[in-house]
Amino acid sequence: MYTDKVMEHFTNPRNVGEITDPSGVGEVGNPTCGDIMKIFLKVEDNIIKDIKFKTFGCGAAIATSSMVTEMAKGKTLDEAEQISNKAVAEMLDGLPPQKMHCSNLAADALKKAIEDYKKKQAV
Amino acid sequence: MRRVYFDHSATTPVHPAVAEEMYRYVNKTFGNPSSVHFFGREARKAVEEAREKVARAIGSRPEEVIFTSGGTESDLMAIKGVAYANCNKGNHIITSSVEHHAVLDNCKALEKEGFAVTVLPVDADGMVSPDSVAAAITDKTILITIMHANNEVGTIQPIHEIGRLAREKGILFHTDAVQSFGKIPVNVDELLVDFVSISGHKIYGPKGIGALYIRKGVRWLPISLGGGQERKRRPGTENVPGIAALGKAAEIAMETMADEAARLTLLRDRIIKEVMENYSNVRLNGHPTKRLPNHVNFAFEFIEGEALLLSLDLQGVAASSGSACTSGSLEPSHVLLAMGIPPEIAHGSLRITLGKDNNEEDVSYFLEVLPAIIDRLRAMSPLYHK
Amino acid sequence: MRRVYFDHSATTPVHPAVAEEMYRYVNKTFGNPSSVHFFGREARKAVEEAREKVARAIGSRPEEVIFTSGGTESDLMAIKGVAYANCNKGNHIITSSVEHHAVLDNCKALEKEGFAVTVLPVDADGMVSPDSVAAAITDKTILITIMHANNEVGTIQPIHEIGRLAREKGILFHTDAVQSFGKIPVNVDELLVDFVSISGHKIYGPKGIGALYIRKGVRWLPISLGGGQERKRRPGTENVPGIAALGKAAEIAMETMADEAARLTLLRDRIIKEVMENYSNVRLNGHPTKRLPNHVNFAFEFIEGEALLLSLDLQGVAASSGSACTSGSLEPSHVLLAMGIPPEIAHGSLRITLGKDNNEEDVSYFLEVLPAIIDRLRAMSPLYHK
Ligand SMILES: Cc1ncc(COP(=O)(O)O)c(C=O)c1O
Ligand SMILES: Cc1ncc(COP(=O)(O)O)c(C=O)c1O
Ligand code: FES
Ligand code: FES
């Protein structure tokens with residue numbers, strides 16, 4: 001069902017955990033299947049220095065969380081914001097059709113975390 | 001890697017003696033039972049012998065058993081067959097909220113066609129109360145369809161009590177015994193049922209074969225049309241190897257049922273005891289005692305079922321879950337929801353269903369690999385706080 | 001005793017390579033394709049590979065093929081599925097008088113439900129004329145269902161021509177290719193069909209498995225309800241060994257079809273030639289040339305079919321007949337009657353259908369034992385006067 005890449009990220013997910021005192025936090029719930037994902041950012045000089053996630057969800061949800069954190073780490077906020085659901089799925093060599101919605105979780109959570117950071121900066 | 005198959009409610013391996021019986025009718029005795037010649041007569045004999053074996057296993061007469069392509073078709077035939085045959089008498093059907101989709105979806109389809117369907121609730125253990133059945137019966141009720149044992153949580157329903165109600169009122173009564181048959185006694189006269197669905201691949205027989213018991217003299221119409229096979233009740237060239245195999249599987253199940261039930265109950269109870277003792281935030285789904293001897297279902301809070309299954313699979317343990325993410329339907333199990341389990345907890349359900357090749361070592365192995373998996377997934381979960 | 005199996009239209013022996021494929025999924029890879037674990041994934045792979053093989057054999061896309069329990073179910077699903085899905089567009093169905101009961105009986109059932117059914121006549125060779133189809137089409141016509149090759153007389157229908165008519169008018173077109181598939185090319189785009197029924201046990205595959213081709217994008221509704229299998233188009237746990245076997249059988253059929261057709265045509269034509277030359281009052285039923293390569297059907301006047309079959313059987317030759325006495329229905333074959341053959345002659349029909357293990361010696365043996373049988377039965381017949 002899942003590609004080796006998905007299974008690899010599911011088995012050894014990168015960047016699991018929380019950041020104490022994060023620069024930004026994004027949380028999304030998937031209304032269709034009820035899963036939840038949380039992303040924590042540490043931003044310095046507009047660059048994502050550190051990123052962590054916590055996910056309650058299926059294999060695809062965990063793998064996409066892991067992948068999106070890996071993709072975002074070290075990028076500028078503008079670059080990170082460009083990461084699309086599709087790009088995450090592609091980096092995992094694809095997801096089964098019925099699991100495409102899980103990849104939305106990851107990219108959306110990242111965007112929300114960046115938004116949260118920007119909002120905090122604006123104040 | 002050690003492989004432990006703990007998913008016998010999904011399907012079972014074929015018993016070697018059943019496979020052998022099947023091969024005979026694949027390799028040698030390949031005739032069409034409708035043919036008058038030698039090859040045909042041999043095949044006919046196999047079909048009728050298998051019918052006797054299945055009949056013996058459920059305490060019916062052979063001519064009350066017809067062969068189908070599986071539990072799903074048996075359910076369809078029973079439900080629609082009764083509905084269409086009795087629609088001049090009434091239009092009301094009673095079922096429960098924990099039935100298999102093969103029952104529920106046909107009831108829903110009939111509802112669209114103008115039948116009225118009462119879907120009875122269950123209690124927290126997944127049990128239908130006979131009182132609720134009694135209260136639902138109207139003078140328009142033509143069919144009650146309540147499963148014998150639930151596939152997801154293992155709860156065994158009070159079929160005999162419901163059967164008594166049905167019989168008093170002269171209402172036809174179908175039970176889906178796909179999960180119970182071969183594990184606990186299924187006797188049509190003790191259960192007081194008029195229709196029983198069974199399926200081969202749940203009792204160490206092959207996939208694609210099942211049977212439907214139809215009590216002699218009841219009002220029922222065939223759904224499948226075509227040739228004259230199964231006395232026009234289920235046309236199509238008979239699946240002779242499948243039928244012979246189902247007969248053999250039923251025979252073996254009857255011989256081994258009592259001992260296996262005792263043996264598996266011990267394994268089951270060991271799993272239940274150790275898991276309930278060693279984890280916090282876990283519950284046993286289904287009735288604590290009125291459950292199938294081989295059946296365990298837990299809900300691990302803060303964990304999603306598919307992730308749990310994949311993790312177990314990586315350790316060689318095959319199990320299943322009622323989580324939305326595994327079902328493709330994006331909704332957690334309707335059974336767990338009907339039992340009042342909140343969706344986020346239903347999500348973390350784990351079904352362990354034991355079978356003939358499982359032993360103490362399998363259980364030990366499972367209990368050994370489980371903690372690290374639960375810890376890892378909980379540590380990853382945004383819902384979990386130690 | 002020498003045993004000669006000449007009843008391949010009734011059913012075929014399972015090809016050893018097909019049996020082997022089947023055993024793999026009975027003995028080893030027994031998982032449920034819906035399961036997420038190792039055992040399930042292996043089974044899923046087998047199902048999807050088989051789907052590709054069947055699709056390749058009929059020139060379709062894999063997702064247009066769904067697996068059923070046999071030809072009878074495929075016919076039911078096609079016909080009722082189109083009727084119910086399109087009843088707001090029209091209520092008229094066109095079929096022919098020589099269809100298999102699996103088609104005719106469903107059409108008749110739909111007639112009772114308010115559909116209008118035109119049953120087209122055939123000519124003396126059992127052929128449906130495209131002109132009669134064209135003449136029958138109305139603006140209410142939603143389905144044409146005409147078989148590809150007839151099971152009793154072997155006549156091959158002008159499916160491509162009928163398909164052209166159907167497509168011009170935007171009418172869905174189903175063909176029952178149970179008898180033709182594996183013997184002559186069945187390509188969904190060349191035949192211009194939207195639905196095709198096939199069955200495993202007619203092509204050296206097992207009984208209890210079949211497939212239905214459903215052209216992408218057509219309006220159709222599932223008949224069977226329950227789980228999500230076959231993308232909800234045919235629920236129920238997949239018959240994995242049967243499906244894998246059907247895939248293998250289709251693959252082998254494609255590889256061997258051309259050579260086998262040529263080889264069996266020679267045997268067939270030898271039988272036709274010798275019988276027609278050596279007997280009086282015998283006729284060949286079905287089209288003289290547009291017939292299946294393995295298919296012969298004679299009417300021996302003054303003789304009753306069952307008596308003929310029993311006599312042949314006593315000599316080890318397994319054949320069949322369209323006679324009432326063998327069919328259990330007490331009416332001579334509706335196919336022969338539709339072709340204008342008088343009932344008393346239809347009674348004496350003998351169907352010889354050849355297969356992969358038949359050879360010249362089988363034919364010689366049959367031609368050797370036949371004369372004494374015919375003579376004996378004719379001598380016994382009050383209708384016969386030398
Ligand atoms: C309770 C119940 N009913 C019906 C079915 C359907 O049986 P089958 O898979 O043989 O169609 C199943 C199993 O899938 C089941 O568990
Ligand atoms: C033309 C035709 N259609 C349908 C069927 C039914 O197929 P099955 O026996 O697989 O149900 C048969 C064979 O019996 C047949 O010859
Ligand atoms: S998170 Fe539920 S299906 Fe992936
Ligand atoms: S003469 Fe006996 S059934 Fe026809």
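A note on names: the letters A, B, ... follow the listed sequences, proteins ahead of strands, and every chain is numbered from 1. From a predicted model like this one, the values you see are computed outputs, not experimental measurements.
Here B/Phe181 contributes atom CZ and B/Lys202 contributes atom NZ; the two are 14.5 Å apart, rounded to the nearest 0.5 Å. Taking CG of B/Leu350 as the reference point, atom CZ of B/Phe6 lies at 10.0 Å (rounded to 0.5 Å).
Comparing B/Lys28, B/Lys108, B/Lys80, B/Arg3 by how many heavy-atom pairs each has under 4.5 Å with chain C, the most go to B/Arg3. Ranked by non-hydrogen atom pairs under 4.5 Å with chain B, the options C/Ala10, C/Pro206, C/Gly40 are led by C/Ala10. Highest contact tally toward chain C, considering only B/Leu312, B/Ile243, B/Thr11, is held by B/Thr11 [criterion: heavy-atom pairs under 4.5 Å].
Under the 30°/60° scheme for interplanar angles, the aromatic rings of B/His101 and B/His334 are found to be tilted.
There is a side-chain donor-acceptor pair under 3.5 Å between B/Ser323 and B/Glu304. Of the N and O atoms on the side chains of C/His37 and B/Asp7, at least one donor lies less than 3.5 Å from an acceptor on the other residue.
Looking at C/Pro13, both its backbone and its side chain come within 4.5 Å of chain B, counting heavy atoms on both sides. Residue C/Phe39 touches chain B through its side chain alone, counting heavy-atom pairs closer than 4.5 Å. Contacts between C/Ser199 and chain B at a heavy-atom distance below 4.5 Å are absent for every atom of the residue. Neither the backbone nor the side chain of C/Ala245 comes within contact range of chain B; no heavy atoms are under 4.5 Å apart. Only the backbone of C/Ile223 comes within contact range of chain B, with at least one heavy atom under 4.5 Å from a heavy atom of that chain. Of the atoms belonging to B/Ser321, not a single heavy atom falls under 4.5 Å from chain C. Contact annotation for B/Tyr23: both backbone and side-chain heavy atoms come within less than 4.5 Å of a heavy atom of chain C. Of the atoms belonging to C/Asn106, heavy atoms from both backbone and side chain fall under 4.5 Å from chain B.
None of C/Leu104, C/Thr145, C/Asp176 except one satisfies the side-chain contact (heavy atoms from CB on, under 4.5 Å) rule with C/Asp75; the exception is C/Asp176.
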List the steps, then state whether side-chain hydrogen bond (donor to acceptor under 3.5 Å, both in side chains) holds for C/Ser69 with B/Arg234.
CA-CA 11 Å; C/Ser69 67; B/Arg234 204 284 185 178; 3.0 Å; yes

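Close approach to chain C, defined as a heavy atom under 4.5 Å from one of its heavy atoms, is seen in B/Ser224, B/Leu225, B/Gly226, B/Gly227 of residues 224-233 of chain B, taken by number.
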